[in-house]
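Chain identifiers are assigned alphabetically (A, B, ...) following the order of the sequence lines, protein sequences preceding nucleic acid strands; residue numbering begins at 1 within each chain. Predicted model, so just to flag it, every value in this text is computed and none were measured.
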Number of protein chains: 4
Amino acid sequence: MEQELERDLIDRGVLVDPSSARGKLLTQAARLFRENGYQSTTVRDLASAVGILSGSIFHHYKNKDAILKAVMVEGIHHTMARMRRDLQRAQGTTAKLRALIACELDALNGDWGDAMAVVINEWRFLSDGGQQDILALRDEYERMWLDLLVQAEKERLITASPKVLRKLLYGAITWTDKWFDAKGELSSDQLTDAVLHLAIKPASDP
Amino acid sequence: MEQELERDLIDRGVLVDPSSARGKLLTQAARLFRENGYQSTTVRDLASAVGILSGSIFHHYKNKDAILKAVMVEGIHHTMARMRRDLQRAQGTTAKLRALIACELDALNGDWGDAMAVVINEWRFLSDGGQQDILALRDEYERMWLDLLVQAEKERLITASPKVLRKLLYGAITWTDKWFDAKGELSSDQLTDAVLHLAIKPASDP
Amino acid sequence: MEQELERDLIDRGVLVDPSSARGKLLTQAARLFRENGYQSTTVRDLASAVGILSGSIFHHYKNKDAILKAVMVEGIHHTMARMRRDLQRAQGTTAKLRALIACELDALNGDWGDAMAVVINEWRFLSDGGQQDILALRDEYERMWLDLLVQAEKERLITASPKVLRKLLYGAITWTDKWFDAKGELSSDQLTDAVLHLAIKPASDP
Amino acid sequence: MEQELERDLIDRGVLVDPSSARGKLLTQAARLFRENGYQSTTVRDLASAVGILSGSIFHHYKNKDAILKAVMVEGIHHTMARMRRDLQRAQGTTAKLRALIACELDALNGDWGDAMAVVINEWRFLSDGGQQDILALRDEYERMWLDLLVQAEKERLITASPKVLRKLLYGAITWTDKWFDAKGELSSDQLTDAVLHLAIKPASDP
DNA sequence: TATGAATGAGTGTTCATTCAT
DNA sequence: AATGAATGAACACTCATTCAT
């Protein structure tokens, strides 16, 4: 199911084929950037992770910054594609909100979790130019959230302002990267519910 | 009032006098580490920010890592002192919870906001030894939060588990560093309330 | 003849080809270390002596210590190869002893004299790890001396204990590095005889 | 006995009083220079060894080079004084030669051994000016040896030329610093005899 | 004499990037 | 595409020396 989604994006040229040389490089870069940070990961580290020499990296990407940007673009595209699909499938505002939260949480844990973690944690190391280029993508991404929260506000599901709530939720969700362990006591579903209930209080029993 | 608190800590040797050479260095280091990140801030940057030459830095601190650690220790000590005081002043669990949230939010905006932001964002760049040393301090800090949330759970003010809720709140609060502007439309008080209501449902109108 | 010996060692990978980049670096390093000492020779000195920039040094050797170690290994290997060959050629204990003395004296004056002088004079600047690695080589080297001196003792050619005599001879021989001039009045042969007669009383006239 | 010799030299202003501040500094400098080498010993090391701060060193000596020179001057003066005395006491050329050897060996092991070891091992780190100044002292020292060896040659006690023999003996003797242990199996007396027999072969039994 | 903060040139080392092969 | 030697600017850190107090 997930693979279908990916295949489609690759075929349309949005994502890089992960079995290609560039794709392998991106996968390893995402992993290394997440594990050690962008600045602590050397071009040599990247090269040796994919089995080539450092000089060869620059046949694939102009410079290190371009690799960081490419990792981020992959991460955002992938997450957005899933969000669009899951949003459509869910019925009702609360269900849709739960879907978005689940997507964003899973984005940090699933196959493309490395890339999305890089978007969040290494953002400030992306060059100004790179940030500009990606900002449009992020705006589109955020609009999906805001539109839904505005709807939730109309339905009086939430009390805080959509903009503020979104940012608080974003912080809470992205920080899970630092502490949540999918194999621990707390399940992904329980975590999703916990986050959902930050925004929406469960209907009290009468 | 705030200054009294600080003066006391300085006199007791917990904090460095900010008017001393070491103090000035720490203040500037906190600012630069926050603005540009630990790794992107060079020792020469630090030196020129306090008007000395790079070699002189090492008369005050053994190495760059020691400066990072000192900044963090300052930040945590300062925040903890305020938390202890405000916790005592507040009456009732809800008020105490609001006090902790306010402290943590202010910790990122007040005079020592730079240092506290460094604790959060540059943690992984601190050497293993440094992390060990500070961990005890952080534990003490987190215990204040957990004890209060456990109490809130007993009083059925919160529904999520204290541990999970603390981490979600921590993420939401620390992320404000990236978007909240004290001079913007949203006041500090309003932000504090918004965070409080992530944890506690506002009392319903009778 | 000497060149054959060298060529063989290079082909077997024991020695570095002196016409390669690494080899040139080693030759110059040996010379500079001998002339100015290890600590007084900067990496920049080494680089400029072979016509590259300082950063490029580290493509060939991990660090400065590795260069020192490599110089020493070259020196010892070269000297040992000559000692083995000349020992085999000489007939009789006295002739063999003279051969060893000549080898050790020449080791400080010939093409690889710089490297051997570095072994003697810069030993204490080699890292502990490096010393460990080379110690095995030195042991092998010293065993050749000791075995011969033990034989000489059996034949009553020498009176002092082999161990003590070896050390006294070692000091006398290596110190020639500081005063002996091959182009001076005293010839190499005469010097060799002088050292030989420290150990062995010249045959009395009948 | 030894102390009388020292006291006399101190009173005549040749040596520095070891109980004075300068004297303590020199004693510690000799020890540190011997143990770690001149270049590896920092001015801070010297200062902390005598319990002062680094800046204060320069009230006693103009610079680090002056300390090295002072250590060497002490060492040579002390050794020469002993050599003069013991030479006078000994009767006969062989006895005198044995006395000189004993003096030079003891110079490396006795109270002033550190200083004399520094003369030998750190010589090349002394500035050119410093070397010039000390050379006269060393010449005087060496003349005592040469005069005696010339006499020994006349008496046909030795076969090698006095100049060459002196240098070979110097090498053999100074190298003992690296291996001889006064508490080991070999006694000082035995070592002295061993060195003596490098120069003079014991009369063979008829 | 002693202090200790400051100097400033210098050290070994790193690393993204280039380029002839 | 890939190599790998070379670049060169930058880095954290060292240390003999100075000097106002």
Side-chain angles (χ1 to χ4, degrees), chain A residues 20-22 25 38-48 50-68 127, chain B residues 20-22 24-25 38-47 50-68 127, chain C residues 20-22 24-25 38-47 50-68 127, chain D residues 20-22 25 38-48 50-68 127:
Chain A
S20 70
R22 290 169 71 102
L25 176 53
Y38 172 73
Q39 292 194 103
S40 297
T41 303
T42 71
V43 170
R44 270 183 171 73
D45 292 337
L46 294 175
S48 85
V50 294
I52 57 176
L53 288 180
S54 68
S56 310
I57 288 275
F58 299 94
H59 287 284
H60 298 288
Y61 290 96
K62 192 184 130 210
N63 52 31
K64 199 184 168 190
D65 181 67
I67 300 176
L68 178 57
S127 63
Chain B
S20 72
R22 289 169 76 100
K24 279 179 202 159
L25 177 53
Y38 173 73
Q39 292 194 104
S40 298
T41 303
T42 72
V43 168
R44 277 174 176 76
D45 291 338
L46 293 176
V50 292
I52 57 177
L53 287 181
S54 70
S56 309
I57 290 275
F58 300 96
H59 273 273
H60 300 290
Y61 291 96
K62 193 183 129 211
N63 52 33
K64 199 185 167 189
D65 180 68
I67 301 176
L68 178 57
S127 63
Chain C
S20 71
R22 289 169 75 99
K24 279 178 201 159
L25 176 54
Y38 173 73
Q39 292 193 106
S40 298
T41 304
T42 71
V43 168
R44 280 170 179 79
D45 291 338
L46 293 175
V50 292
I52 57 177
L53 287 181
S54 69
S56 309
I57 290 274
F58 300 94
H59 273 273
H60 301 290
Y61 291 96
K62 193 183 129 210
N63 51 33
K64 198 185 169 190
D65 180 69
I67 301 176
L68 178 58
S127 62
Chain D
S20 70
R22 288 170 72 103
L25 176 53
Y38 172 73
Q39 292 194 104
S40 298
T41 303
T42 70
V43 170
R44 271 183 170 70
D45 292 337
L46 295 175
S48 84
V50 293
I52 57 176
L53 288 180
S54 68
S56 310
I57 289 274
F58 300 94
H59 286 286
H60 299 288
Y61 290 96
K62 192 183 127 209
N63 52 31
K64 198 184 168 189
D65 181 68
I67 300 175
L68 177 58
S127 61

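- B:Lys62 has its NZ atom 9 Å from the P atom of F:dC13, to the nearest Å.
- The side-chain heavy atoms of C:Phe58 and C:Ile67, taken from C-beta on, include no pair separated by under 4.5 Å.
- In this structure, A:Leu68 CG and A:Ser127 OG are separated by 8.0 Å, a value rounded to the nearest 0.5 Å.
- With rounding to whole Å, B:Ile57 atom CD1 is found 13 Å from E:dT7 atom C1'.
- In terms of position on DNA chain E, the residue among C:Val43 and C:Ser56 whose nearest nucleotide sits closer to the 5' end is C:Val43.
- Taking every heavy atom of both residues into account, D:His60 and D:Arg22 meet most closely at O-NH1, 3.0 Å.
- Residues D:Ile52 and D:Ser56 come closest through the heavy atom pair CD1-CB, 3.9 Å.
- Taking every side-chain heavy atom of B:Thr42 into account, F:dC11 is the closest of F:dA16, F:dT7, F:dC11.
- Residue-level contact check: B:Ser20 touches neither bases nor backbone, having no heavy atom under 4.0 Å from any strand.
- The main-chain N or O of A:Thr42 is never found under 3.5 Å from a side-chain atom of A:Lys64 such that the two would form a donor-acceptor pair.
- Comparing E:dA6, E:dT17, F:dC13 against the side chain of B:Ala21 picks out E:dA6 as the nearest.
- Checking the phosphate oxygens (OP1, OP2) of E:dA6, a side-chain nitrogen or oxygen of B:His60 falls inside 4.0 Å.
- You'll find the side chain of A:Leu46 stays beyond 4.5 Å of the side chain of A:Tyr61, heavy atoms only.
- Residues A:Leu53 and A:Ala47 share a closest heavy-atom pair of C-CB, 3.6 Å.
- Rounded to an integer number of Å, the gap from C:Tyr61 OH to F:dA6 C1' is 17 Å.
- Across the protein-nucleic acid pair, B:Asn63 atom CG and F:dT14 atom C1' stand 13 Å apart, rounded to whole Å.
- Per the geometry, CZ belonging to C:Phe58 stands 17 Å off C1' belonging to E:dA16, to the nearest Å.
- Between A:His59 and B:Tyr38, the residue anchored nearer the 5' end of DNA chain F, judged by the nucleotide with its closest heavy atom, is A:His59.
- The side chain of A:Leu53 lies closest to F:dT3, out of F:dT7, F:dT3, E:dT17.
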Q) What dot-bracket string describes DNA chain F from 5' to 3', counting Watson-Crick and G-U wobble pairs whose defining distances are under 3.5 Å, with [ ] for crossing pairs and | for pairs to another strand? A) .||||||||||||||||||||
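- Counting any heavy atom pair closer than 4.0 Å across all strands shown, A:Ile52 reaches sugar-phosphate atoms only and no base atom.
- Spacing between atom CG of B:Asp65 and atom P of F:dC11 amounts to 18 Å, rounded to whole angstrom units.
- For C:Ser54, the side-chain atoms get nearest to E:dT13 when compared with the rest of E:dT13, F:dT17, E:dG4.
- Looking at which nucleotide of DNA chain E each of A:Gln39 and C:Thr41 is closest to, the 5′-most match is held by C:Thr41.
- Atom CG of residue B:Asn63 and atom CD1 of residue B:Ile57 lie 11.5 Å apart, to the nearest 0.5 angstrom.
- Rounded to whole angstrom, the span from the CD1 atom of C:Ile67 across to the P atom of E:dG12 amounts to 10 Å.
- Across all strands, C:Ser40 comes closer than 4.0 Å to no nucleic acid atom at all (heavy-atom distances).
- For a distance-only test at 3.5 Å, the side chain of C:Arg44 qualifies as a donor-acceptor partner of the base of E:dG12.
- Look at NZ on C:Lys64: it is 9 Å from P on E:dT11, rounded to the nearest Å.
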